[in-house]
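The block underneath contains the structure these notes are about, expressed in structure tokens.
Start at 1 and go down the list; that is how both ligands and their atoms are numbered.
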Amino acid sequence: MSNYSYDDIGENLRIITSNIKESYAKYRSDGSKVEIMAVTKTVPPEVVNWVFDFGLDLLGENRVQEYLSKKDSYLKDSGSGSPTRIHFIGHLQTNKVKYIIDDVDMIQSVDSLKLASEINRLAATHNKIMDVLCEVNIGGEESKSGVSPDSLIPLIEQIAQLENIRIKGLMTIPPPSESDIFLGRMEELFHKVQDSHIERTEIEQLSMGMTHDYADAVKYGSTMVRIGTGIFGKRNYL
Ligand SMILES: *Cc1c(COP(=O)(O)O)cnc(C)c1O
């Protein structure tokens with residue numbers, strides 16, 4: 001934890017916020033918001049808690065085990081007095097849904113009916129409605145999770161039938177090279193899904209943009225950028 005600096009994190013967030021504002025002012029007029037998520041992987045919870053002092057209240061979690069080991073150390077109320085929100089953003093195995101169903105406010109990595117059905121089943125037993133995003137493999141990359149663009153609308157139509165799930169939008173991790181092309185395709189796809197007016201969905205969120213491409217993602221309609229390295233510095237994998 002000694003490598004992390006409170007002041008650096010504050011400065012990083014000021015720069016990111018100002019870059020987002022600049023990109024938004026230049027390219028957007030849709031009136032929607034852009035929210036910053038702090039992606040916490042490998043960062044000690046005591047350090048993660050610092051971001052609340054700088055006005056963030058949204059954390060992104062990738063790994064179930066790591067999240068479970070950290071969650072009790074997160075402050076429940078962010079600096080502004082609003083409760084800390086947790087979104088699960090990593091690949092999620094069906095048999096691990098049970099460990100997070102009660103704790104997270106959204107699951108952004110839903111890419112199959114099988115996973116959605118398990119989320120729905122457990123949400124029902126816990127008396128809650130889980131907000132989800134559908135993860136899209138916009139670059140068609142073999143190594144990445146996510147549904148293909150062609151299968152997206154049929155999948156949303158099926159998931160929308162599940163009573164204890166509410167689909168709030170789309171999430172993607174575009175290929176790092178030619179990111180611009182894929183961000184643009186993602187924006188088109190997002191509007192196509194919105195225009196399809198699928199019953200029981202509320203398509204509002206387009207979660208895209210990470211440290212290397214968040215300013216471009218804002219240009220292409222992102223409503224939520226997910227940033228790790230840009231806030232906390234380079235990750236130290238043990
Ligand atoms: C790690 C991660 C991020 C953040 O990546 P950075 O390049 O560190 O900003 C965003 N989204 C997902 C799904 C991630 O796994």
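Within the listing of ligand 1, atoms 9 (O) sit less than 4.0 angstrom from a heavy atom of Ile227. The distance from ligand 1 to the heavy atoms of Ile173 drops below 4.0 Å at these ligand atoms: 13 (C). With ligand atoms numbered from 1 in the order given, ligand 1 contributes 4 (C), 6 (P), 8 (O), 9 (O) to contacts under 4.0 Å with heavy atoms of Gly228.
Of the protein's non-hydrogen atoms, the one nearest atom 11 (N) of ligand 1 is Arg226 NE, 2.9 Å. Residue, atom and distance of the protein heavy atom nearest to atom 8 (O) of ligand 1 are Thr229 OG1, 2.5 Å. Considering only non-hydrogen protein atoms, atom 12 (C) of ligand 1 sits nearest to Ile89 CD1, 3.6 Å.
Assignment of Met37 to the shell around ligand 1 is not supported, since no heavy atom sits closer than 4.0 Å.
Salt-bridge annotation for Arg85 and Asp105: absent, with no side-chain N of the basic residue lying under 4.0 Å from a carboxylate O of the acidic one. A salt bridge between Lys41 and Glu66 is absent, with no side-chain N of the basic residue lying under 4.0 Å from a carboxylate O of the acidic one.
At least one donor-acceptor pair under 3.5 Å links the side chain of Lys70 to the backbone N or O of Val43. For Asn137 (side chain) and Gly146 (main-chain N/O), no donor-acceptor pair under 3.5 Å exists by modelled atom type.
Rounding to the nearest 0.5 angstrom, the gap separating the CG atom in Leu170 from the CD atom in Glu135 is 10.5 Å. Distance CG/Leu183 to CD/Glu188: 12.0 Å, rounded to 0.5 Å.
Aromatic ring centres of Tyr6 and Phe54 lie closer together than 6.0 Å.
Of the options Lys41, Met210, Arg235, the smallest heavy-atom separation from atom 2 (C) of ligand 1 is shown by Lys41. Among Val39, Thr211, Thr172, Asn62, the residue whose heavy atom lies nearest to atom 6 (P) of ligand 1 is Thr211.
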